Structures are given as structure tokens and as C-alpha cells.
Amino acid sequence: QVHLVESGGGLVQAGGSLRLSCAASGPTFYRMGWFRQALGKEREFVASIRWSAGNTDYADSVNGRFTISRDNAKNTVYLQMNSLKPEDTDVYYCAAKLDPLGSRQPNLYQYWGQGTQVTVSS
């Protein structure tokens with residue numbers, strides 16, 4: 001059975017940092033990613049990482065500010081978020097996929113966590 005459990009969200013001032021964690025259980029995934037979604041909006045790609053090789057992919061809006069990484073021993077993926085802006089306020093979701101097709105499309109990910117709220121105050 002697959003479980004993705006996010007943690008690390010919270011309230012932070014603009015310019016601050018947060019680190020999100022996603023602990024995974026289940027099969028070996030091909031790629032894991034982070035998405036975010038505001039109420040009434042579509043889920044938006046943030047970053048992804050290929051589990052075995054460590055290749056990363058970032059949305060333009062977070063490139064240079066956010067870093068995705070993984071710890072193979074702990075089966076955990078992280079999202080280090082620096083220089084946070086109020087527009088980064090969203091619910092952040094961890095996702096995982098078993099196949100190599102795609103990186104940024106949420107409908108290609110088979111498994112999802114429950115989400116964690118990130119709020120950046122101005």
C-alpha cells in the first residue's frame with residue numbers, strides 16, 4: 001500500500017524559509033514531485049526529482065529559490081523553500097509516479113499526499 005505523508009508547512013514571513021518533507025512508503029517510484037494549489041485554481045507544478053538519478057526539474061516561478069532533494073535511505077523527498085513570497089501561499093502536495101512519462105503534468109502522477117498548508121505573510 002502506498003502512503004505519502006507531507007509535513008513542514010506553516011506560516012512564515014516574506015523572505016523566510018520553510019522545508020517540506022514527504023515520507024513515502026510502497027514501491028520504488030520513478031519520480032516524485034511537489035505541486036501546489038490555491039482554492040479554486042488548478043494544481044500547479046513546482047518541482048520534481050527522478051528518484052534513482054536525482055535529475056531535477058523546476059517551475060520557472062520557483063527556480064533559484066526552491067530546491068528539491070531526496071534521501072534514499074529514509075525514502076523521503078524534501079522541498080527547501082527560500083526567499084518565500086506571499087504568492088507562494090498555497091496547499092503543497094507531494095506526488096509520486098511509477099513511469100518515466102512526464103514531469104510536470106499532475107494527471108500523470110498516480111499517488112498523492114494529503115497536502116500541507118504554506119502561508120507567507122507580507
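As a basis for the values below, the full set of heavy atoms in this structure was taken, side chains included, without hydrogen atoms, waters or symmetry mates. It should be emphasised that the depicted structure is a prediction, and the values quoted were computed from it without experimental measurement.
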**Student:** Q80 and S69: side chain to side chain contact (heavy atoms under 4.5 Å, CB included), yes or no, with the steps?
**Tutor:** CA-CA 8 Å; Q80 177 67 43; S69 62; over 6 Å; no
**Student:** Could you note down all residue pairs passing salt bridge (Lys or Arg N to Asp or Glu O under 4.0 Å) where residues 61-79 supplies at least one of them, sequence neighbours left out?
**Tutor:** R65-D88
**Student:** If two hydrophobic side chains count as joined below 4.5 Å and joins carry through other members, does M81 share a cluster with Y78?
**Tutor:** no
**Student:** Would L4 and Q114 satisfy side chain to side chain contact (heavy atoms under 4.5 Å, CB included), going step by step from the backbone distance to the final call?
**Tutor:** CA-CA 8 Å; L4 302 177; Q114 80 286 355; over 6 Å; no
**Student:** Do the side chains of V120 and Q13 get nearer than 4.5 Å, heavy atoms only?
**Tutor:** no
**Student:** Same cluster or not: are V77 and L108 linked, directly or through other Ile, Leu, Val, Met, Phe, Trp or Tyr residues, by side-chain heavy atoms under 4.5 angstrom apart?
**Tutor:** no
**Student:** Residues two or more places apart in sequence or in another chain: which of them pass side chain to side chain donor-acceptor pair (under 3.5 Å) with N55?
**Tutor:** none
**Student:** Output the distance between atom CZ (F29) and atom CG (L98), rounded to the nearest 0.5 Å.
**Tutor:** 6.5 Å
**Student:** Treat each ILVMFWY residue as a node, draw an edge where side-chain heavy atoms are under 4.5 Å apart, and state whether V91 and L20 are in one component.
**Tutor:** no
**Student:** Is there a donor-acceptor contact under 3.5 Å from the side chain of Q37 to the main chain of Y92?
**Tutor:** no
**Student:** Could you walk me through whether F66 and N82 pass side chain to side chain contact (heavy atoms under 4.5 Å, CB included), step by step?
**Tutor:** CA-CA 6 Å; F66 291 9; N82 299 329; 6.0 Å; no
**Student:** Under 30°, 30 to 60°, or over 60°: which ring-plane class applies to Y109 and F35, parallel, tilted or perpendicular?
**Tutor:** perpendicular
**Student:** Would you call Y111 and K97 a side-chain contact if the rule is heavy atoms closer than 4.5 Å?
**Tutor:** no
**Student:** V2, I49: one ILVMFWY side-chain cluster at the under-4.5 Å cut-off?
**Tutor:** yes
**Student:** Can you sort out the partners of E87 under side chain to side chain donor-acceptor pair (under 3.5 Å), two or more places apart, ordered by chain and number?
**Tutor:** none
**Student:** Would you call Y58 and V46 a side-chain contact if the rule is heavy atoms closer than 4.5 Å?
**Tutor:** no
**Student:** Out of curiosity, does I68 fall in the hydrophobic cluster containing Y93 (side-chain heavy atoms, cut-off under 4.5 Å, transitive links)?
**Tutor:** no
**Student:** Spell out, as yes or no, whether a donor-acceptor pair under 3.5 Å connects the side chain of E6 to the backbone of C94.
**Tutor:** yes
**Student:** Using the test side chain to side chain donor-acceptor pair (under 3.5 Å), find all partners of R19 that sit at least two apart in sequence or belong to another chain.
**Tutor:** none
**Student:** Taking the side chain as everything from C-beta on, heavy atoms only, tell me whether F45 gets closer than 4.5 Å to S103.
**Tutor:** yes
**Student:** Does any pair with a residue in residues 40-54 pass salt bridge (Lys or Arg N to Asp or Glu O under 4.0 Å), and if so which ones, sequence neighbours excluded?
**Tutor:** R36-E44
**Student:** Does T67 have any side chain to side chain donor-acceptor pair (under 3.5 Å) partners at least two apart in sequence or in another chain, and if so, which?
**Tutor:** none
**Student:** Going by distance alone, is a donor N or O of one side chain under 3.5 Å from an acceptor N or O of the other, for S21 and T76?
**Tutor:** no
**Student:** For T119, run the side chain to side chain contact (heavy atoms under 4.5 Å, CB included) check against T89, V12, D90, L18 and tell me which one passes.
**Tutor:** T89
